[in-house]
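Each chain gets a letter, A, B and so on, in the order the sequences are listed, and its residues count up from 1.
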Number of protein chains: 2
Amino acid sequence: MKYRSLLACIAAVGFSLPACCEDGYDLWLRYSAVDSAAYPALRTRVREIAGSANSPTLEAARAELARGLAGLAGAPLPIAAEPSQAGALLFGTPRSSPLIGQLPLALAKAGNEGYVLRSVTVDGRAMTVIAGNSDIGVLYGAFHFLRLVQTRQPLDSLDVVSQPRTQIRVLDHWDNLDRHVERGYAGQSIWDWHKLPGWLDPRYADYARACASIGINGSVLTNVNANATSLTPAYLEKAAALAGVFRPYGVRVYLTARFSAPIELGGLKTADPLDPAVRAWWKARVDEVYRHIPDFGGFLVKANSEGQPGPQDYKRTHADGANMLAEALAPHGGIVMWRAFVYASSATEDRAKQAYAEFVPLDGKFADNVLVQVKNGPIDFQPREPFSPLFGAMPKTPLMMEFQITKEYLGFSTHLAYLGTLWEEALRADTLVKGKGSTVAKVIDGELHGYRLTGMAGVANIGSDRNWSGSHFDQANWFAFGRLAWDPFAPAQSIAEDWMRMTFSNDPAFVKPVMEMMMGSREAVVDYMTPLGLAHLMGTGHHYGPAPWVSDLSRPEWNPAYYHRADANGIGFDRGPPVNGSGGSNAVAQYAPKVAAQFSDPKKTPENLLLWFHHVPWDRKMASGRTLWDELVLHYAHGVEEVGRMRRTWDAQRGRVDAERFAQVAAFLAIQEQEAQWWRDACIAYFQSLSKLPLPAGVPAPAHPLEYYKSLKFQYAPGRG
Amino acid sequence: MKYRSLLACIAAVGFSLPACCEDGYDLWLRYSAVDSAAYPALRTRVREIAGSANSPTLEAARAELARGLAGLAGAPLPIAAEPSQAGALLFGTPRSSPLIGQLPLALAKAGNEGYVLRSVTVDGRAMTVIAGNSDIGVLYGAFHFLRLVQTRQPLDSLDVVSQPRTQIRVLDHWDNLDRHVERGYAGQSIWDWHKLPGWLDPRYADYARACASIGINGSVLTNVNANATSLTPAYLEKAAALAGVFRPYGVRVYLTARFSAPIELGGLKTADPLDPAVRAWWKARVDEVYRHIPDFGGFLVKANSEGQPGPQDYKRTHADGANMLAEALAPHGGIVMWRAFVYASSATEDRAKQAYAEFVPLDGKFADNVLVQVKNGPIDFQPREPFSPLFGAMPKTPLMMEFQITKEYLGFSTHLAYLGTLWEEALRADTLVKGKGSTVAKVIDGELHGYRLTGMAGVANIGSDRNWSGSHFDQANWFAFGRLAWDPFAPAQSIAEDWMRMTFSNDPAFVKPVMEMMMGSREAVVDYMTPLGLAHLMGTGHHYGPAPWVSDLSRPEWNPAYYHRADANGIGFDRGPPVNGSGGSNAVAQYAPKVAAQFSDPKKTPENLLLWFHHVPWDRKMASGRTLWDELVLHYAHGVEEVGRMRRTWDAQRGRVDAERFAQVAAFLAIQEQEAQWWRDACIAYFQSLSKLPLPAGVPAPAHPLEYYKSLKFQYAPGRG
């Protein structure tokens, strides 16, 4: 390492090339030196950091500006309490800086957490102000300013006002106390519980910095499949130590609450949410949590889902359960995020209908400090799903979005799939519940229904891997999540562009082709895994690789065959209205009438969701004029070709990216192409065993017979539940 | 990171301070820049790297010299095929370099794997030769030369000849295929099986470099609690990819063989080693292994121990089992390392006697390519044990040493304990089997019995943690293991000194006090955990923290109470000869008569092993004049005091070490002091509940009542089996 590092260092000083250790640890906060000839704004507009850092958060803002601008400018900047020259960067709040209080900044528009970046003239000297009404707003503004420099934006006439459109922007870590991360593909949990609170890994602060840089303000430390031990004093002490590290960065700590904790920890005989002893137990326990963590955020709860305990065990509703916890948290300002991902212990005719069926009747029954956390689609984070019908259907209950950043169903960390496009698709989906334009984004940000609370959660893809996310490009998904939580209307492409420029290069020869690669990458995964509205064909348990043939698991909705319903005649899940008493599950009826009408009609259903809503004969004519069978096969083939194209795109970037990151991305793309081929071949082999149809002309047969694909076992695939 | 890195880089270039990212990843191969005024040898003796790198191993040697010397000298050195100037470093073998063939180097003394470092004059020019009979010898010599520079040794009249005293110098990784490391305290396994063979983490090469730098020539990739899946083609392909990375560095790959694999993988009804079908199955499987890995090293086997399958399941002996595998491996040059750590499924009167009882009768019955791998002590890697009586007792069977580098029983990675002293104590123990001087080291290196094979194994402490070993000082244990495997007679102190100079600093103000801290550190652990010959008082299962009170586990020898046997009258395990038909287990009889005589007599038994061999009354007078009880308590108290002293020693080094490593060591020492206090308090509280004796004057009582210590639970302690 040392030799390479040292040479790189020398290079960095001499020639502004990327500096030491390009292993991805620095994320999008690389701050590598700018060629100041090509970007003179840095010289004229960034000459001094001025302001009073009289709080830990303002200290963090100043430190980040100092660190970032020293890297970008190639040398440390002068630090001053008051601006003393043209080109000063003045940061602060009206309280920390009288000058900021006097300038006409229209800070009212920035709200509690937002900021203003503005070019101003003070005593004839051109300066830039980074101002907020709160210290955290200033920190967010500092990161925004650094991003402008990192992406080489003009700095001469800045006039930026930004405030988050959602209040609660949290990462959900599905991390167990033994450091196993459920659905984690980036090593172990970054929380080293065993060494906490005695050892505070510097990573904890870097995690909080990275979160703050994209506006994330909460971290649920523990798995939704919860462990009551996390609520014991020894573990609260550990969580408090993390909270102490995160606090200056505006990141509050949340925990998951195991519903049966009163039994497991308290020795009670019941966890019935209406039982006074249970309520008292939670109240006392929550009081204890706040004694450890005075700004504790609240609880995330998965209840009565996949075997987790919950209020239904006592014939109570989700609202009863959530409100009990909410009551304990309310005096401290804490909230409950209650997951709508439910999944009965008894089989139902259509799993896609279940969350709606259980939650819509409860609309209006949740306490004021409860949000219901809804996955983007009705099933479970598939490469493509329609939007969840809950959005728009619970006007009196704040619904927060749950996206999955970790790629449980999208190939794990070795498949490159930029999820900004997936999330943008979900957020822009129009529920039509209040006429055209009633998008999911407007549900989420509270605009449509006037929610008192708003939020977005992302299931984290962060682990102990040096590059945090398992792959370099998966960092983009963490980044995009934060940006979309701040602004659900932000375009996925501009987010990708920011990320690429900050993380890799501003070279247009890099940005353009690699952006195209990113923007198309999720659709490639859809094509080689689950095209045309298919879903949940992944291997049992671990979700690694294809297993569409599995149909013998004890619960029907665990089986891929349950989802695709392929047979000799056709393929797809009929979710349309029942015709003559048979047929569809009528899941479409959970949408607003106009949406329902569209999804009910195979001719109007978008082809990319066709098999989600309809069972379609193999010989059905598609828009292309081809049969469904041919179209399906060609989608699979196209997915593989796209990955080949991605590889070529990346290979052409050799030399524009440091060798270390270039090599890993190249190796991962090679794995992805191999596995895309495997997906294609296995799925075609299986579906052909049912359709008995020939492959379209020119499409090569699968490399192996179906039995080969069925024989593959992956007992040690990572991230198991 | 970046800001700090960049500043550090600038600093490194300008002022020869430590460079980027002092996070321990570079191990003892840091190669930080030398102050050439204080060490002019670098300028005069290291001016050019010359030699022909016509093999991957010679390439690795040249690359390491280039990397290391560029770092040390602050600038890259010229590289030449032939030496062209005074101060050239000429590396190679007589085959790669005709000049080396002509020089009078006495290479015969270097053997197959050794090397010569010699100052020579060629055509009137002073040069240094790094020569070996084999390419790997040259690589080892290159690392030795770099070490001389790193530790600031004179280079003007070098005359070093070194060859390893053992043949097989392996790390045993107790790593599972899901990346859990049994008894691992440094994160996950560094083997990312899921991404292999497609992704070759650069860490794999750095691992092999580190191993080669200290002479380690083998790596057992998989856990001794073995999984037959590691022998399937998919996993052999993964192991082969690792072997390919390791090969240039002389590190051969070994695997663990699960004895029941013929049943589990082969579908046979038996794994009986005398069954022809079983033998044929192993032969075919081994042939397949060699098709994947032509230089595969062989198998490590744990059989009929702690529930693992083995030949005794079929009423066959360990020799039958080992020889069956040996027969399959022999045609390919592979070996079997058969562990003597056995531990019957039925209780025995003294676990310490079991390995001897099972193995000594088999002496001479093992095939030529079998070694029996024996732990240093009769039980299990305790902070202190007497040497295993097997050493010296099997003259016709090559015994290799098994040390545990990972600190299963020494406080995990947060306790600083340099194990060089523990291992030195074991290696210098005198078996007396062939008169005075029949040390364990002479058994191990083959000298005493003329073994045809020799070796030393270390249970690795390596994981995915950035610093490899979980803590910076645990790197010293990896280092010391390699150095002792190369030379079992090497002094622990000089190894520690080399390591400290290479890893931290050559500043005498650092070296002297920190070396004293290291050299005393293991004894401190003995004192606060298991003084005076106590053993195995650790918490059940995880072995974290004290639990001397545990006595209710289903197998007697799982219970700490089995080992300490404390009661109202006294404490200790009577292993002396039975007196009047009762009393001792007579484990002493397994030693040579003079050793047995010493250990049989409490008056002659060293006090630091007293309670290992004798049950002693609480009021027994010790050498100090104090009672055993007082002495025991004072040892516990002293252990804690020593850790306090270690903390003060380290705190005084602030500024002599980079801030990043300084902080982690300081935090870990604080944890260690807390946990030492916990050990002291819990053990004193428990033993006092039996002895009913007052504490010696001035010794404070435990902080909590005994019940408190008994109530502590550590369900998620790392490294579970």
Side-chain angles (χ1 to χ4, degrees), chain A residues 1-10 12-13 19-21 23 25-26 29-33 66-68 70-71 74-76 176-180 185 187-188 193-195 198-200 202 206 229 412-414 464-466 544 660 663-664 667-668 670-671 674 712 714-718 720, chain B residues 1-10 12-13 19-21 23 25-26 29-33 63 66-68 70-71 74-76 176-179 185 187-188 193-195 198-200 202 206 229 234 412-414 464-466 544 660 663-664 667-668 670-671 674 714-718 720:
Chain A
M1 279 307 291
K2 197 58 176 313
Y3 173 54
R4 194 173 52 202
S5 299
L6 190 65
L7 288 191
C9 292
I10 295 165
V13 173
C20 354
C21 311
D23 53 20
Y25 183 85
D26 290 342
L29 304 174
R30 284 172 67 244
Y31 304 134
S32 51
R67 171 203 298 245
N176 294 341
L177 301 184
D178 66 359
R179 297 188 76 179
H180 175 73
Y185 312 104
Q188 292 181 294
W193 292 110
H194 181 71
K195 297 201 193 81
W199 167 236
L200 296 173
D206 285 329
T229 304
F412 301 1
S413 59
T414 47
S464 62
D465 275 6
R466 183 70 183 161
Y544 174 64
E660 198 171 347
Q664 191 184 67
F668 282 15
I671 292 172
Q674 241 176 8
L712 300 175
F714 303 95
Q715 208 181 334
Y716 306 104
R720 280 168 165 275
Chain B
M1 281 306 290
K2 199 59 176 310
Y3 173 56
R4 193 173 53 205
S5 301
L6 191 65
L7 287 192
C9 292
I10 294 166
V13 174
C20 349
C21 311
D23 52 20
Y25 183 84
D26 291 340
L29 304 174
R30 283 174 67 244
Y31 304 135
S32 51
R67 174 204 296 245
N176 294 341
L177 301 184
D178 66 359
R179 298 188 76 180
Y185 312 103
Q188 293 181 292
W193 292 109
H194 181 72
K195 298 200 192 81
W199 167 237
L200 297 173
D206 286 328
T229 304
F412 302 2
S413 58
T414 45
S464 61
D465 274 6
R466 183 68 183 164
Y544 173 64
E660 198 170 346
Q664 192 184 65
F668 283 16
I671 292 172
Q674 237 174 13
F714 302 96
Q715 208 180 337
Y716 306 103
R720 281 171 164 271

A.B. asks: Measure distances from A:W193 to the heavy atoms of chain B and classify the residue's part below 4.5 Å as side chain, backbone, both or neither.
C.D. replies: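 Neither part.
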
A.B. asks: May I ask you to say whether A:R466 pairs ionically with B:D23, meaning some side-chain N is under 4.0 Å from a carboxylate O?
C.D. replies: yes

A.B. asks: How about A:W199 and B:T414: do any of their side-chain heavy atoms sit closer than 4.5 Å?
C.D. replies: no

A.B. asks: A:F714 versus chain B, heavy atoms under 4.5 Å apart: side chain, backbone, both or neither?
C.D. replies: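 Interface part for A:F714: neither.
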
A.B. asks: By a 4.5 Å heavy-atom criterion (distance strictly below it), what part of B:Q715 contacts chain A: side chain, backbone, both, or neither?
C.D. replies: side chain

A.B. asks: Identify which part of A:D465 has an atom lying under 4.5 Å from any heavy atom of chain B, answering side chain, backbone, both or neither.
C.D. replies: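 For A:D465, side-chain heavy atoms alone lie under 4.5 Å from chain B.
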
A.B. asks: Quick check on A:I671 against chain B: is it the side chain, the backbone, both or neither that has a heavy atom closer than 4.5 Å?
C.D. replies: side chain

A.B. asks: Grab the two heavy atoms, one from B:G187 and one from A:Q188, that are nearest each other, plus how far apart they are.
C.D. replies: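 B:G187 and A:Q188 have their closest heavy atoms at CA-OE1, 3.1 Å.
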
A.B. asks: Locate the shortest heavy-atom distance separating B:A667 from A:G198; write the atom from each residue and the value.
C.D. replies: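 Heavy atoms only, the tightest pair is CB-O, 3.9 Å.
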
A.B. asks: Let me confirm one number: the CD-NZ distance from A:Q664 to B:K195, rounded to the nearest 0.5 Å.
C.D. replies: 7.5 Å

A.B. asks: Would you mind reporting whether A:H194 and B:Y716 have side-chain heavy atoms less than 4.5 Å apart?
C.D. replies: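 Not in contact.
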
